[in-house]
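Notes to accompany the following structure.
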Number of protein chains: 2
Amino acid sequence: MAAQKSAQPAPSSTRRSEKSRRAIYGAALALVGEVGYPRTTIEGIAARAGVGKQTIYRWWSSKADVLLEAFLDLSEQASRDAGPEYEFAIPDTGDLAADLKAVLRLTVDQLKDPRFEIPSRALAAEGVVNEQLGRVFVTKLLEPSLMLYVDRVRAAQEAGQVRPEVDPRIALELWVSPLAQRWLQHTGPISYEYTDTLVDYALYGIAPRTR
Amino acid sequence: MAAQKSAQPAPSSTRRSEKSRRAIYGAALALVGEVGYPRTTIEGIAARAGVGKQTIYRWWSSKADVLLEAFLDLSEQASRDAGPEYEFAIPDTGDLAADLKAVLRLTVDQLKDPRFEIPSRALAAEGVVNEQLGRVFVTKLLEPSLMLYVDRVRAAQEAGQVRPEVDPRIALELWVSPLAQRWLQHTGPISYEYTDTLVDYALYGIAPRTR
DNA sequence: ACATCGAGACGAACCGTCTCGTTTCATTCA
DNA sequence: TGAATGAAACGAGACGGTTCGTCTCGATGT
């Protein structure tokens with residue numbers, strides 16, 4: 001379960017200090033939350049963690065890389081805390097619209113949780129400009145969540161609630177992307193009413209229903 | 001037409017050197033294109049523009065601010081080049097789906113134009129993390145384009161092609177946001193087929209059409 | 001034993017501020 | 001009209017401060 005290995009680091013060794021690793025994660029997340037991403041420095045993280053700078057440079061390639069792993073660790077920890085065998089998934093009550101609305105409401109709450117907001121904003125921003133990091137961010141954090149929607153949409157297709165020729169991977173973007181963009185770029189407010197509306201539009205379209 | 005005034009700067013005066021301003025815009029855009037945003041520095045811009053650092057600090061508050069105005073200037077210039085009285089708008093042939101698909105295809109092309117890609121990526125990224133700049137970016141660049149969709153959707157509503165209770169500002173996000181997210185976060189490929197599909201899903205929904 | 005550890009010195013790069021003379025330009029006055 | 005004037009912006013770059021990433025140090029711990 002543990003041991004994320006990044007691309008380049010891998011100097012070698014099992015002598016690595018677990019205590020330092022955790023202290024670095026904690027310091028990085030704390031600093032980003034307190035002073036923001038741009039003013040979070042490697043030197044600051046090292047000092048706060050009570051660690052030599054070399055210990056950071058030995059195992060990570062950049063500030064963004066440290067924060068990415070710290071955030072991945074936080075996410076894993078959070079999902080472990082949510083229950084030992086609780087696997088997050090989208091409910092299937094048979095009513096696709098209701099299920100999607102329920103999950104999106106949870107997402108809205110999570111997007112507003114300050115514990116997640118600043119680090120994920122920082123990572124998303126870095127990913128926009130740094131394609132390599134962006135791909136890791138998307139692959140490890142975003143894509144797994146999106147696949148849950150793919151599964152749920154496929155189930156709905158089998159239940160005849162979604163047209164069979166619809167591509168689930170594109171369909172999910174009809175509600176995920178608008179929410180993501182409003183959050184990321186501050187292009188509009190985020191509310192339960194908003195996400196409910198998105199689901200309705202996505203399912204039934206904006207054209208008149210009786211053609 | 002000229003004279004963008006930023007929020008704070010305003011030291012005073014009409015003695016401002018137009019030549020320096022343009023040289024700074026050019027240097028900023030060139031550097032961002034060549035070495036990327038993070039390695040573009042104020043000192044670098046000043047040197048490249050043949051300008052003293054103070055001249056930059058006098059008129060702009062940050063690297064992001066310089067680049068934002070440079071990009072705004074580039075956009076204005078581009079739309080002037082596109083024709084003296086050519087006002088960009090969404091066509092209205094009476095066929096909403098076709099009109100949207102046509103405009104989105106143009107957008108796809110533009111998103112892949114390297115002249116725009118790197119600076120707008122950099123600005124979008126900065127806007128994610130820097131809310132103040134983000135709002136200017138959204139207000140001055142993004143929102144005006146989105147309003148064109150609002151107008152077109154409203155026309156479609158009057159023509160009975162879109163349900164009257166639909167909120168046009170939310171409707172447009174069904175095709176704009178997915179495209180924006182794929183581009184910004186590299187979450188998927190961008191193609192004409194993709195945007196065509198988005199329009200179809202948005203207009204008619206993903207649920208079976210005959211209920 | 002030996003690689004990693006905490007600590008911090010080191011030069012380089014930029015930061016943002018601050019003088020320098022120099023240039024530019026609106027105003028003043030011949 | 002058209003030279004002289006003076007204030008503000010200008011190019012250049014020195015300056016101290018911060019952070020970078022690299023590099024020694026013993027000390028630690030496995």
Side-chain angles (χ1 to χ4, degrees), chain A residues 2-3 5-28 30-32 34-67 69 122 126 129-130 133, chain B residues 2-28 30-32 34-67 69 122 126 129-130 132-133:
Chain A
K5 288 149 199 165
S6 249
Q8 302 102 324
S12 75
S13 169
T14 56
R15 317 259 264 261
R16 180 169 181 182
S17 164
E18 181 69 12
K19 197 164 91 177
S20 297
R21 217 198 68 206
R22 309 209 70 81
I24 288 166
Y25 287 165
L31 276 177
V32 162
E34 287 168 20
V35 306
Y37 181 72
R39 289 171 43 197
T40 295
T41 65
I42 300 255
E43 296 202 319
I45 295 171
R48 173 94 164 224
V51 140
K53 288 201 292 175
Q54 193 59 254
T55 302
I56 296 183
Y57 284 108
R58 179 152 35 229
W59 301 106
W60 293 279
S61 62
S62 67
K63 173 171 77 166
D65 198 34
V66 173
L67 192 61
E69 285 197 15
E126 188 69 18
V129 139
N130 176 344
L133 183 114
Chain B
Q4 300 94 334
K5 288 148 199 163
S6 246
Q8 303 101 325
S12 76
S13 173
T14 56
R15 317 262 264 266
R16 181 169 181 182
S17 163
E18 180 69 12
K19 198 165 90 176
S20 297
R21 217 198 68 206
R22 309 208 69 81
I24 289 166
Y25 288 165
L31 276 176
V32 162
E34 287 169 19
V35 307
Y37 181 72
R39 289 171 43 198
T40 295
T41 66
I42 301 255
E43 294 202 322
I45 295 172
R48 173 94 164 224
V51 141
K53 287 201 292 176
Q54 194 60 256
T55 301
I56 296 184
Y57 283 109
R58 178 152 37 228
W59 301 105
W60 293 278
S61 62
S62 67
K63 171 171 78 166
D65 198 33
V66 173
L67 192 60
E69 286 198 13
E126 189 68 19
V129 139
N130 176 344
Q132 195 231 322
L133 182 113

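Remember, predicted model here, so these are calculated numbers, not experimental data. Chain letters run A, B, ... following the sequence lines, proteins first and then strands; every chain starts at 1.
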Give the rounded distance in Å between these two atoms: NZ of B/K19 and C1' of C/dT22. 14 Å

Along DNA chain C (nearest heavy atom to each residue), the more 5'-positioned of A/E18 and B/K63: A/E18

Work out which heavy atom in A/A23 is nearest to a heavy atom in A/A49; give both atom names and the distance. O-CB, 3.6 Å

Determine which pairs satisfy side chain to side chain donor-acceptor pair (under 3.5 Å) with at least one residue from residues 47-56 of chain A, sequence neighbours left out, and list them in order. A/E34-A/R48, A/E43-A/K53

Please list residues of residues 39-52 of chain B whose heavy atoms come under 4.0 Å from any atom in DNA chain C, ordered by number; otherwise none. B/T41, B/I42, B/E43

Rounded to whole Å, the CZ-P distance (A/R21 to C/dT4) equals 16 Å

State whether A/W59 and A/R21 meet the cation-pi test: NZ (Lys) or CZ (Arg) under 6.0 Å from the six-membered ring centroid, and within 45° of the perpendicular axis. no

Under-3.5 Å donor-acceptor pair between A/K53 side chain and C/dG6 base: no

OP1 or OP2 of C/dA3 under 4.0 Å from side-chain N/O of A/W59: no

Where A/I45 and A/L31 come nearest, the two heavy atoms and their spacing: N-CD1, 3.6 Å

Looking at C/dC2, I'd like to know if its phosphate oxygens (OP1 or OP2) sit under 4.0 Å from a side-chain N or O belonging to A/R15. no

Taking B/A28's backbone N and O only, do any of them form a donor-acceptor pair with B/K63's side chain (distance below 3.5 Å, no angle check)? no

Begin from the C-alpha positions of A/W60 and A/I24 and carry the test side-chain contact (heavy atoms from CB on, under 4.5 Å) through to its verdict. CA-CA 11 Å; A/W60 293 279; A/I24 288 166; 3.7 Å; yes

For B/S62, enumerate each residue passing the side chain to side chain donor-acceptor pair (under 3.5 Å) test, keeping only those at least two apart in sequence or located in another chain. none

How bent is the helix from C/dA1-D/dT30 to C/dC29-D/dG2, measuring the angle between the end axes built from five pairs each, rounded to 10°? 20°

What residues, two or more places apart in sequence or in another chain, satisfy side chain to side chain donor-acceptor pair (under 3.5 Å) together with A/T41? none

Can you list the residues that meet the side-chain contact (heavy atoms from CB on, under 4.5 Å) rule with B/R22, with sequence neighbours excluded? B/E18, B/D73, B/Q77

Base, sugar-phosphate, or nothing: which does A/S20 touch, judged by heavy atoms less than 4.0 Å apart? sugar-phosphate

Separation of C/dC15 P from B/W60 CH2 (nearest whole Å): 15 Å

In this structure, how many angstroms lie between the P atom of C/dG6 and the CZ atom of A/R16, rounded? 11 Å

For DNA chain D, which nucleotides open and close the run of contacts to chain A, 5' to 3', at under 4.0 angstrom from a non-hydrogen atom? D/dT19 to D/dG29

Please find the pair of heavy atoms, one from B/V129 and one from A/A122, that lie closest to each other, and give the distance. CG2-CA, 3.9 Å

Integer-rounded Å distance: C/dA9 C1' and A/Q54 CD: 13 Å

